[in-house]
4 protein chains.
Amino acid sequence: MSVDQSYQRPLLLGMVGGGEGAFIGAVHRIAARLDGEFELVAGALSSQPERAAASGAALGLAPERCYADWREMARVEAARPDGIELVAIVTPNHLHAPVARAFLEAGIDVLCDKPLAISVQEGRELAALAQARKRLLAVSYNYSAYPMLRHARELVRAGELGELRLIQVEYAQDWLALPVEKEGQKQASWRCDPALAGPAGALGDIGTHAYQLACFVSGLRAVAVCAELSSFVPGRRLDDNAQLMLRFAGGARGALWASQVASGCENALRLRIYGSKAGLEFEQEQPNRLRLTCLGGSSEWLSRGRVDSAAAIAATRLPPGHPEGYLEAFAQIYREAAEHIRARQQGRSPAPQSLALPQVGDGLAGLLFVDAALRSHRAGGIWSRL
Amino acid sequence: MSVDQSYQRPLLLGMVGGGEGAFIGAVHRIAARLDGEFELVAGALSSQPERAAASGAALGLAPERCYADWREMARVEAARPDGIELVAIVTPNHLHAPVARAFLEAGIDVLCDKPLAISVQEGRELAALAQARKRLLAVSYNYSAYPMLRHARELVRAGELGELRLIQVEYAQDWLALPVEKEGQKQASWRCDPALAGPAGALGDIGTHAYQLACFVSGLRAVAVCAELSSFVPGRRLDDNAQLMLRFAGGARGALWASQVASGCENALRLRIYGSKAGLEFEQEQPNRLRLTCLGGSSEWLSRGRVDSAAAIAATRLPPGHPEGYLEAFAQIYREAAEHIRARQQGRSPAPQSLALPQVGDGLAGLLFVDAALRSHRAGGIWSRL
Amino acid sequence: MSVDQSYQRPLLLGMVGGGEGAFIGAVHRIAARLDGEFELVAGALSSQPERAAASGAALGLAPERCYADWREMARVEAARPDGIELVAIVTPNHLHAPVARAFLEAGIDVLCDKPLAISVQEGRELAALAQARKRLLAVSYNYSAYPMLRHARELVRAGELGELRLIQVEYAQDWLALPVEKEGQKQASWRCDPALAGPAGALGDIGTHAYQLACFVSGLRAVAVCAELSSFVPGRRLDDNAQLMLRFAGGARGALWASQVASGCENALRLRIYGSKAGLEFEQEQPNRLRLTCLGGSSEWLSRGRVDSAAAIAATRLPPGHPEGYLEAFAQIYREAAEHIRARQQGRSPAPQSLALPQVGDGLAGLLFVDAALRSHRAGGIWSRL
Amino acid sequence: MSVDQSYQRPLLLGMVGGGEGAFIGAVHRIAARLDGEFELVAGALSSQPERAAASGAALGLAPERCYADWREMARVEAARPDGIELVAIVTPNHLHAPVARAFLEAGIDVLCDKPLAISVQEGRELAALAQARKRLLAVSYNYSAYPMLRHARELVRAGELGELRLIQVEYAQDWLALPVEKEGQKQASWRCDPALAGPAGALGDIGTHAYQLACFVSGLRAVAVCAELSSFVPGRRLDDNAQLMLRFAGGARGALWASQVASGCENALRLRIYGSKAGLEFEQEQPNRLRLTCLGGSSEWLSRGRVDSAAAIAATRLPPGHPEGYLEAFAQIYREAAEHIRARQQGRSPAPQSLALPQVGDGLAGLLFVDAALRSHRAGGIWSRL
């Protein structure tokens with residue numbers, strides 16, 4: 001376990017989006033301070049000046065660092081001697097790319113919510129920009145930071161599963177089973193509006209998480225998908241359910257199901273991978289364990305805190321049986337982003353385990369996945385290449 | 001519960017297939033006698049005369065009723081005053097239809113293993129024949145006889161789930177993850193041989209179970225499927241993994257996964273159905289419970305013995321907490337077949353709950369499903385209508 | 001697996017108790033025929049002649065073998081050339097010993113429900129009688145016949161758990177949480193009446209099952225107990241909840257909880273044993289698995305059908321993932337009783353695995369346990385030696 | 001949910017104990033900052049000056065606020081205008097009371113690890129002192145801050161369980177199954193040394209947690225206990241396993257098991273309470289759910305985020321399906337301590353939900369429980385009154 005680290009001053013954090021009433025902004029703030037890695041000092045929490053100021057005040061920001069315009073924030077913060085060292089982008093999807101671009105151009109590292117952008121083109125431009133400016137463009141694929149998924153990846157890499165054959169991944173929720181977007185539910189409103197969310201609904205919002213997890217653990221990328229998107233709630237403009245079949249590089253096959261209308265499901269992200277020797281299963285709602293099933297044998301439940309891979313240990317804070325959860329995994333993203341920033345500041349390479357941090361390449365892979373799925377669906381369900 | 005019934009003499013049972021070394025034959029025999037409904041008195045347990053005789057002797061059959069030729073058995077038994085009243089067909093798939101035909105033509109009721117036949121054409125002929133001869137042609141879709149699945153169907157019928165939207169069904173095993181068919185494993189050998197198993201591998205062997213379960217509980221039939229079949233084990237001639245997306249009548253969508261190479265999976269048949277109001281989940285490996293999840297609410301585990309539908313009660317023998325299993329569900333098929341036979345003998349209608357017995361219509365639906373899946377796959381994965 | 005056996009004619013079975021409305025009688029009848037080992041041919045199903053005759057007729061017994069007096073039944077059946085070869089005693093507790101005595105004295109083997117008797121003295125006399133007459137006196141501690149508990153015992157014997165330290169066993173139900181004995185519930189009425197049930201309520205009815213299981217798997221017997229018995233339901237004359245602490249031979253410690261007023265519990269019999277190297281856990285409601293937890297390591301779920309001990313295999317009928325349950329375990333008791341009887345008939349020793357059959361010694365151990373617990377409780381909760 | 005709060009400056013925190021290598025000190029530090037309620041500014045992290053200084057530096061403390069003597073720390077911090085507003089005591093047990101006394105006497109609020117002290121006498125003096133000085137003396141019974149246990153308490157209070165009858169609580173670990181205290185394991189060394197840990201081993205270390213949880217949820221206190229303490233590891237001077245039976249005020253009965261030698265158990269704290277109408281079950285290792293079982297009915301799994309009691313909501317940060325864990329519950333203790341301090345600073349009453357914070361009364365109850373258990377055990381296992 002790695003609870004303590006030798007002291008380093010907290011890095012300075014800014015946030016775009018995440019004003020009052022937002023869910024994910026508050027999550028980012030807890031995650032950023034949980035390990036003492038970041039101190040929030042600036043924000044463009046809302047585009048409405050009054051709301052931006054009020055939201056900032058409620059978080060203890062100095063008034064002059066409560067911006068209503070993120071372009072101004074990028075410019076001003078880049079110029080301050082005590083300017084922010086990382087910006088967290090927690091806006092609706094359509095702003096991810098423009099905001100990320102502005103901060104990267106200002107030389108500021110970025111941690112952006114997924115999806116990275118709303119088009120492959122945007123994603124490619126961001127990738128090029130981050131590389132050109134040598135800045136971090138991390139993507140908050142937080143689920144892949146669970147210690148037991150880090151361990152799962154090591155098991156796959158070590159060949160414990162044999163040759164991979166099957167990847168079944170699903171992400172089921174029920175919070176959009178009714179037309180809540182028409183009832184003023186803020187989270188739903190923008191997610192169901194193509195202008196704000198982009199062209200994909202459940203597929204983009206949670207399907208990309210599922211796809212990233214499958215790729216992260218398996219080490220594989222899909223080469224083709226066959227998709228069936230549905231909008232079950234009358235009047236909904238984006239898909240609220242996505243069924244996909246996948247062909248992975250190397251011959252593995254898989255299925256992905258993402259739904260926001262699966263009545264009774266909370267946040268049921270579940271990954272199963274089967275190889276020629278063994279299988280593994282992970283359920284996000286019980287993240288402290290990983291099931292390993294051996295061909296013809298019994299099943300083993302591996303526990304966080306009782307597995308010995310360096311990858312799992314690096315992401316673990318507590319002994320076995322002391323459950324860690326969503327916030328701890330999210331904080332791991334921040335811990336790894338901090339390590340990248342500090343390493344560059346100190347002129348060294350990031351610690352090996354921090355390389356698991358999802359970055360622009362992962363974000364772009366997600367956009368390619370969504371794009372292929374949309375093409376498949378629009379063509380009536382033919383296999384489409386990524 | 002319904003452990004006791006007033007005494008009726010056991011019906012006389014014959015069996016085709018199921019000689020020494022067979023698995024499912026022994027299951028049928030336990031199931032047939034568990035409730036005291038049948039007495040095994042004749043068999044064509046093997047096509048090799050010596051083996052037929054030895055297998056019959058080991059089961060206490062009279063020598064003259066140990067047949068090596070099922071055609072002869074049908075003819076002789078039909079002519080005996082104490083001839084069999086039901087024949088159980090537990091041969092490899094390619095014989096299902098010819099054997100069933102022979103016994104139906106002899107006027108003997110039939111309980112046939114699934115798949116009903118190896119072609120839609122065969123299935124249609126059997127359906128016509130059974131109807132013309134007014135004989136029972138039951139199909140051993142045993143899983144649908146679990147009390148909690150009977151209850152699940154009642155919940156759907158009563159509208160507890162609202163309008164059905166999603167049906168996710170899967171059936172994963174690992175016993176064909178290695179090329180055991182080349183090592184003399186009897187069960188594997190015929191299942192991997194197109195001449196004996198028909199044109200579908202995992203799709204036909206277990207995918208049809210999964211499809212039947214989905215239809216049985218939902219009350220829906222698929223109207224189109226999109227299939228991706230794979231043979232992961234080198235040299236295997238039939239699919240050992242099947243991924244499908246399904247469109248159901250009325251607009252529900254679904255996915256079906258059948259695999260015999262999912263390392264570590266035993267007999268993981270799992271059904272999930274989500275409607276606009278609630279969802280339900282059943283896992284065959286823990287058949288005494290059913291999970292009901294309400295939209296936005298908590299999840300309830302319903303227990304066999306503590307649910308009050310007449311359908312569940314009719315299929316239940318023991319109080320809650322006294323687990324029933326696979327054999328009891330299989331015995332329910334025999335109990336219901338017996339009820340059909342006795343009802344006709346007594347000139348009355350079968351008891352309402354016994355109408356849940358899977359019959360030739362269900363078997364034909366399975367053949368249509370397999371046929372559409374094969375067409376889809378062979379065309380490179382396009383949606384094919386049933 | 002051992003589904004098939006070479007054919008042997010069914011042994012002839014009689015039953016005392018178990019008339020209409022009885023639960024456990026019907027269970028015994030299914031268990032007796034499940035493997036084809038026994039055929040029920042005689043019964044004293046009720047002490048009321050008309051009811052005895054009607055119950056027998058409903059089971060297909062010949063009228064002359066429907067007895068109202070079990071003493072007559074013992075005498076007559078012993079004299080018949082086709083007399084019963086085993087009697088199953090399924091009466092209320094107070095009759096167990098007298099009935100068993102009558103049949104043993106008539107030279108007929110006995111399978112008796114637990115508790116073996118209602119006093120230690122009765123139990124000792126039965127033990128002496130069975131030994132003197134060289135007859136089987138089996139006790140239906142059916143739970144110990146689950147394959148995974150047979151396997152658990154082998155793990156303990158093989159030293160996989162190290163030196164045993166702790167035994168936690170519990171058996172919780174809720175069916176007596178209300179005063180149902182006053183409302184004509186037949187099962188409850190006699191169990192709550194000291195004249196019929198003996199001096200112990202939940203302690204005797206289910207506590208003895210729990211204690212037997214603990215002893216069976218651990219290979220240990222308690223040397224002292226400290227008991228606290230309670231009657232939570234007003235007016236109830238016997239305990240409906242029993243808490244005990246136990247000291248086992250060799251230094252292991254344990255606790256036993258038996259309750260029939262634990263609201264929401266169905267038949268929650270659960271055994272946990274911890275040694276210096278590993279622990280194991282079994283839950284009767286999910287009997288196809290056994291949890292093995294290693295010191296400092298992860299936990300493994302062993303599956304029925306995937307463990308390789310001869311003891312487990314001998315008690316297993318189906319492949320992994322095809323759940324077996326309560327009736328199959330109960331049938332195993334009958335299968336083993338049959339093996340004992342056939343072995344004596346054939347002048348050979350019973351097959352080694354059939355020696356796991358619970359017999360009079362186990363029944364007597366249960367009576368000693370109850371006796372010590374009652375003494376402890378009556379003395380205000382002091383440690384009492386067995 | 002209550003992620004955001006309007007901004008208030010972090011309170012100033014000091015810590016006694018918790019230097020390098022300590023586990024619980026790091027937990028406290030994360031918990032203190034998770035919600036932004038506290039900033040660590042001073043510490044007596046070790047009694048060795050060099051180690052104290054180094055540990056403080058690693059945490060970013062100013063050198064002059066790194067104390068080696070907690071008496072000096074109390075005096076100096078009380079005198080500083082920017083002195084600490086709360087001290088967290090995370091030392092071995094024997095120092096809890098003296099340190100708490102010193103800070104209370106200096107007028108500084110205290111959050112002390114359990115057990116509150118090593119004798120009832122010490123506990124009583126602390127209670128009197130805290131009352132006299134009108135200072136907070138909170139005790140880190142962190143488990144009772146899980147949202148679903150807060151909800152469980154509300155269910156009991158609202159009568160959903162009916163009249164309480166049974167309380168089964170257990171806390172099983174395996175980390176002391178080997179004599180690790182002799183191998184330099186720091187956590188084990190002091191816990192197995194009576195001079196540092198006090199007279200109780202597992203009983204005091206984890207049994208008190210279990211007892212507090214039982215009392216917290218049930219609203220009851222034990223009136224008598226009967227205890228059996230064991231030391232299974234050769235040479236161990238304190239108990240590593242404790243079995244107890246309990247009589248609660250009002251007639252409920254219960255059992256408590258605390259073990260640190262249960263091979264394979266991680267941190268298995270589990271509470272079950274049964275009343276005349278329903279039962280509930282909570283397992284700490286899966287803290288986001290609570291099982292509610294109704295008499296004669298099915299069982300319901302209530303989810304954190306989907307229950308509506310104000311008590312649960314106040315302790316919840318994330319939506320359902322986004323697991324919270326040990327650190328979040330621990331942070332809740334800090335959040336509630338902060339609320340108490342701020343309320344006094346602001347001359348108002350603490351928010352109602354913050355009154356669930358465990359305080360000196362709960363700590364004293366734990367000491368009375370340990371004392372009665374030790375008396376019972378030493379007298380050979382007689383019932384002893386609290």
What part of [X] lies closer than 4.5 angstrom to a heavy atom of chain A: side chain, backbone, both or neither?
X      : answer
B/S259 : side chain
B/S276 : backbone
B/R247 : side chain
B/C226 : both
B/A227 : backbone

Chain A interface, residue from [options] that has the most non-hydrogen pairs under 4.5 Å:
options                        : value
B/Q173, B/K277, B/M245         : B/M245
B/A262, B/G381, B/S298, B/C265 : B/A262
B/E170, B/R291, B/E281         : B/E170

Spatial distance of atom [atom1] ([X]) from atom [atom2] ([Y]) [nearest 0.5 Å]:
X      : Y      : atom1 : atom2 : result
B/L280 : A/S263 : CG    : OG    : 10.5 Å
A/L166 : B/Q243 : CG    : CD    : 7.0 Å
B/T293 : A/E266 : OG1   : CD    : 9.0 Å
B/E228 : A/R253 : CD    : CZ    : 4.5 Å

The side-chain contact (heavy atoms from CB on, under 4.5 Å) partner of B/R165 among A/D240, A/N241, A/V261 is A/V261
Validation row: A/F232, B/E163 side chains within 4.5 angstrom (heavy atoms):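 No, too far: nothing below the 4.5 Å cut-off.
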Heavy atoms only, distances under 4.5 angstrom: which of A/G275, A/G162, A/A252, A/G264 has the most pairs with chain B? Name it, please.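 Highest number of pairs under 4.5 Å: A/G264.
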Which heavy-atom pair separates A/A177 from B/L295 by the least distance, and what is that distance?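 That closest heavy-atom pairing would be CB-CD1, 3.4 Å.
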So for A/L244, is it side chain, backbone, both, or neither that comes closer than 4.5 Å to the heavy atoms of chain B?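 Only the backbone of A/L244 comes within 4.5 Å of chain B.
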